[in-house]
Structure formats: C-alpha cells, structure tokens
Colleague: 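Mind looking over this structure? Questions follow.
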There are 2 protein chains.
Amino acid sequence: MTKVSKEKIVLEARELFREKGYVGASMQDLADKVGLRKASLYMRFPNKEALVPEVLSLTLDETFSQPDIEASDWYTAYEAVVRAIADSLMDRKRCVGFHLAYGVGDDTPIAKEAVRDFFQSHRDRMTAILEKAMPRDIASITATDALVRLEGATLLLAVFDDPEAMERAVDAVLAAVRQ
Amino acid sequence: MTKVSKEKIVLEARELFREKGYVGASMQDLADKVGLRKASLYMRFPNKEALVPEVLSLTLDETFSQPDIEASDWYTAYEAVVRAIADSLMDRKRCVGFHLAYGVGDDTPIAKEAVRDFFQSHRDRMTAILEKAMPRDIASITATDALVRLEGATLLLAVFDDPEAMERAVDAVLAAVRQ
DNA sequence: CCTACCGATCGGTAGG
DNA sequence: CCTACCGATCGGTAGG
C-alpha cells in the first residue's frame with residue numbers, strides 16, 4: 001500500500017473533468033479512482049477548485065514538452081505543437097480545457113483564471129514560434145485561428161466519434177502557414 | 001397569474017443548459033426562473049432529460065427559419081445560415097448544443113441522441129444548400145468544416161469574450177465557398 | 001399547480 | 001489516512 005502521489009490524483013481528476021465537466025465530476029468519484037477515502041483528498045488539495053489549475057498546467061506542460069518544439073526550424077516546431085494537440089484531442093475525444101471553459105462560472109474564479117491562462121499560454125507559445133516567419137500580429141491571429149479549428153473539431157469527435165474533421169483541421173492549419 | 005407556457009419553460013431551460021451545462025442546470029433553478037414550483041414542471045415534462053430535445057429542436061427551428069434561407073440563390077441562403085449561427089453564438093457567448101455535446105453521457109441516451117440529431121441536421125441542411133454549387137461529398141465536408149470553425153470560435157467568446165475569432169471564422173467560411 | 005416529502009449525493013470538516 | 005458526520009441540494013413523487 002504505497003502512498004498515492006499527487007500527480008496520480010491530478011491525472012485522474014483530468015479524466016473526470018474531461019468526461020463529466022467541473023460540476024459533474026465529484027470528489028467521491030475521484031477518491032474511488034485513486035483508491036483513497038474522499039476526506040483524504042483534502043490533505044493534498046484544499047478544495048475541488050484547486051484541482052483545476054493543477055490539471056491544466058500538467059496538460060500544458062505535456063503538450064509543450066514535445067521534443068521537436070525546441071527545433072530551430074520554426075515549421076518543424078509548429079507542426080510538432082499542432083500534432084501534439086490534435087493527437088491528444090483525438091485520443092480522448094474531448095478537450096479538458098474546453099469542457100472547463102464552458103463549465104466553470106463566476107463562483108469559481110480561481111478555476112476560471114486557470115482556464116484563461118491555459119488557453120492564453122497556448123496562444124502565446126504558438127505565436128512565439130510563428131513570429132520567426134511572420135509579423136507578430138499575423139502570427140497571433142494565425143495561432144488563435146489554429147486553436148479555434150482544432151478545438152472546434154472536438155465537436156465531431158465528441159458527438160459522432162468522427163476523426164476526419166480533426167485530420168482536415170490539422171492539414172488546413174499547417175497549409176495556412178506554408179504558403 | 002396566467003399559465004406559464006411550455007415554450008417559456010423551454011426558453012429558460014436553454015439559457016440554463018447553455019450557461020451551466022446539463023448537470024449544472026437544476027430543475028429548481030428552472031422553476032424559479034419561470035415562476036413555478038419545481039413539482040409543477042413535471043406536469044409538462046416527464047423528467048429533466050426530456051427538456052434537451054425540446055431545447056435543441058427549438059434552437060434548430062430558430063436558426064433555419066431565417067427568411068433568406070428560402071432564396072433561390074444558394075450563396076444568399078448559405079450566407080444567411082452562417083450568419084444566423086454566428087450571430088446567435090456571439091450574442092450568447094456559448095453554444096447550447098456544444099455544451100450539451102460535452103455534458104451528456106451514456107446515462108442520458110435520449111439527450112445524447114437529441115444532440116446528435118441537432119448537429120446532424122445542421123450538417124444536412126447546410127449540405128443541401130451547397131449541393132447546388134458543388135458535388136455532394138465536397139458539400140458535406142465544406143458544411144462540416146464550417147460548423148467546426150464557428151463552434152470552435154465560441155472558445156474565444158467563452159474564455160476571453162473576444163468576438164474577433166468568430167468574425168474571422170465567418171469570413172473564412174464564406175470565402176471558402178466563393179472561389 | 002401546490003405543499004410536503006423521499007433517498008441519494010454533493011463539497012467539505014471534526015477528530016483521531 | 002481513516003470513520004463519521006455536517007448542511008445543502010439534487011431529481012423526482014405522493015397526494016390533494
């Protein structure tokens with residue numbers, strides 16, 4: 001009976017938030033998943049809301065720890081990010097960030113701010129890569145629209161289990177920066 | 001004290017589902033909104049799940065009752081649909097269908113099927129318009145990708161209250177069928 | 001269309 | 001890290 005790590009809890013919390021959203025995910029479900037009693041979760045996290053920043057910063061780190069992102073060639077780096085995002089979305093059929101974006105309200109300001117940070121970080125880091133090849137304002141718009149298409153394609157994954165829209169989104173987003 | 005119409009209840013239920021999702025919206029909130037006791041809602045609807053098909057079919061009807069959709073010119077009709085969808089999303093910052101797509105699970109099969117119908121109807125009706133100008137398979141893909149972009153842009157509306165991504169999505173989606 | 005209620009579950013805490 | 005509990009709220013029903 002080895003101690004349950006904080007990371008394990010965050011990973012399972014992410015699965016719950018992704019699948020059921022913020023309100024639909026319960027601390028009892030999470031406790032069952034990690035094999036603890038519910039009360040014991042409160043030793044590591046002050047409350048449910050505090051799980052949200054942890055879940056999102058873990059996810060951000062995963063996405064941007066792709067090896068090719070350090071490539072000197074901007075296109076190689078950009079393609080790596082886009083494919084990392086798309087692969088993770090296709091794997092899980094939903095975006096935990098998007099589910100939380102729709103699901104957290106003004107009653108959970110810390111969670112709300114974490115969601116903003118999550119997507120703003122995506123935009124900033126993608127913009128930084130594209131800035132090597134185009135002016136800052138164009139890079140920023142291009143990054144934002146890429147995110148919009150990738151996230152939008154999760155609708156088809158969630159509703160119809162159809163990955164084709166995501167594949168087309170990846171192709172279109174990459175083609176947009178190649179011309 | 002005139003009777004509360006079924007439509008009024010459905011309209012308020014839509015607002016709740018859009019804002020809080022399926023699990024986050026409570027029958028008590030809905031009762032308060034329409035000025036009834038909670039038990040009285042069950043005279044018109046057998047349960048909470050039954051509200052979902054009503055909410056979505058009302059929304060579908062609103063979108064496709066735009067006058068210009070009957071235009072003989074396919075482009076005029078398509079533009080009317082795209083703008084009707086975008087205007088409604090920009091107005092409310094979220095898509096009730098998307099929130100329900102992420103939020104309903106296998107425990108609510110009727111709601112889940114209603115969500116599928118909702119988006120499949122969008123695809124079918126947009127495809128029907130585009131078929132006047134291109135082969136069926138291209139029309140279907142074009143319609144799906146248009147939906148993906150418009151729905152994806154709700155992320156920026158929900159998180160940053162930024163309408164610019166939606167405006168660019170509308171322009172891009174219309175430009176895609178003009179060339 | 002109401003009052004009054006049901007069992008189940010929610011997030012969170014006391015106390016060890 | 002646990003047992004045991006808190007008040008609040010959930011969807012839904014009985015009975016009038």
Side-chain angles (χ1 to χ4, degrees), chain A residues 1-55 96 99-100 103-112 114-115, chain B residues 1-55 99-100 102-112 114-115:
Chain A
M1 278 306 146
T2 151
K3 230 182 107 189
V4 177
S5 74
K6 193 169 165 179
E7 197 194 352
K8 156 94 170 163
I9 299 174
V10 173
L11 283 167
E12 299 288 358
R14 175 168 66 180
E15 206 169 299
L16 280 171
F17 285 146
R18 192 193 301 119
E19 227 60 43
K20 315 207 174 198
Y22 184 75
V23 278
S26 80
M27 296 300 273
Q28 185 61 61
D29 286 346
L30 180 57
D32 293 344
K33 276 202 165 213
V34 301
L36 287 180
R37 296 291 166 164
K38 187 178 56 157
S40 307
L41 294 174
Y42 289 89
M43 291 175 34
R44 272 126 159 148
F45 304 95
N47 48 49
K48 183 180 174 180
E49 191 178 4
L51 288 163
V52 173
E54 306 261 15
V55 160
V96 63
H99 208 157
L100 290 168
V104 301
D106 295 325
D107 47 327
T108 49
I110 291 172
K112 202 167 178 176
V115 170
Chain B
M1 277 307 145
T2 151
K3 232 183 106 191
V4 177
S5 74
K6 193 168 165 178
E7 197 195 352
K8 157 94 169 164
I9 298 174
V10 173
L11 283 167
E12 299 289 357
R14 176 168 67 180
E15 206 169 300
L16 280 171
F17 284 145
R18 191 193 301 120
E19 227 60 44
K20 314 209 176 196
Y22 184 75
V23 277
S26 80
M27 296 300 272
Q28 185 61 62
D29 287 346
L30 181 57
D32 293 344
K33 276 202 166 212
V34 301
L36 286 179
R37 296 290 166 165
K38 187 178 56 158
S40 308
L41 294 173
Y42 290 89
M43 290 174 34
R44 271 124 158 151
F45 304 94
N47 49 49
K48 184 180 173 181
E49 192 178 4
L51 288 163
V52 173
E54 307 261 15
V55 160
H99 207 158
L100 290 169
Y102 263 54
V104 300
D106 295 325
D107 47 327
T108 48
I110 291 173
K112 202 167 178 177
V115 170

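Letters go in sequence order (proteins before strands), and every chain restarts at 1.
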Colleague: With sequence neighbours left out, write down each residue that passes salt bridge (Lys or Arg N to Asp or Glu O under 4.0 Å) with B:D106, or none if nothing qualifies.
Modeller: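 Only B:K112 meet the salt bridge (Lys or Arg N to Asp or Glu O under 4.0 Å) criterion with B:D106.
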
Colleague: Among all residues two or more places apart in sequence or in another chain, which pass the side chain to side chain donor-acceptor pair (under 3.5 Å) test with A:S26?
Modeller: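 With sequence neighbours excluded, A:S26 shows a side chain to side chain donor-acceptor pair (under 3.5 Å) to A:D29, given in chain and number order.
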
Colleague: Can you list everything that forms a side-chain contact (heavy atoms from CB on, under 4.5 Å) with B:A50? Sequence neighbours excluded, please.
Modeller: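 B:A50 satisfies side-chain contact (heavy atoms from CB on, under 4.5 Å) with B:P46, B:N47 only.
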
Colleague: Excluding sequence neighbours, so at least two apart, what forms side chain to side chain donor-acceptor pair (under 3.5 Å) with B:R18?
Modeller: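 With neighbours one apart ignored, the set is empty.
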
Colleague: Over how many whole Å does the gap from B:L36 atom CG to C:dT3 atom P extend?
Modeller: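 Rounded to the whole Å, the gap is 11 Å.
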
Colleague: Suppose the criterion is salt bridge (Lys or Arg N to Asp or Glu O under 4.0 Å): which pairs have a residue in residues 32-43 of chain A, not counting sequence neighbours?
Modeller: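 The answer is A:E12-A:K33, A:E15-A:K33.
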
Colleague: What is the distance, rounded to the nearest whole Å, between atom CG of A:D107 and atom P of D:dA8?
Modeller: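 So the two atoms are 18 Å apart, to the nearest Å.
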
Colleague: For nucleotides 11-16 of chain C, read 5' to 3', which letter fits each nucleotide if B means a protein heavy atom sits under 4.0 Å from the base, S means only the sugar-phosphate is that close, and - means neither?
Modeller: BBB---

Colleague: Quick one: A:D29 CG to D:dC10 C1', roughly how many Å, whole number?
Modeller: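 In whole Å, D:dC10 C1' and A:D29 CG are 15 Å from each other.
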
Colleague: Scan residues 4-41 of chain B for pairs that pass ring pair (Phe, Tyr, Trp, His ring centres under 6.0 Å), counting only residues two or more places apart or in two chains.
Modeller: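 Sorted pair list: B:F17-B:Y22.
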
Colleague: Which ranges of DNA chain C pair up as stems, where a stem means three or more consecutive Watson-Crick or G-U pairs with both distances under 3.5 Å?
Modeller: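 Consecutive-pair runs (3 or more) involving DNA chain C: C:1-16 with D:1-16.
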
Colleague: What residues form a side chain to side chain donor-acceptor pair (under 3.5 Å) with B:E49, not counting sequence neighbours?
Modeller: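 Listed in chain order: nothing, the list is empty.
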
Colleague: What do the steps show when you test A:I9 against A:E54 for side chain to side chain contact (heavy atoms under 4.5 Å, CB included), and what is the final call?
Modeller: CA-CA 10 Å; A:I9 299 174; A:E54 306 261 15; over 6 Å; no

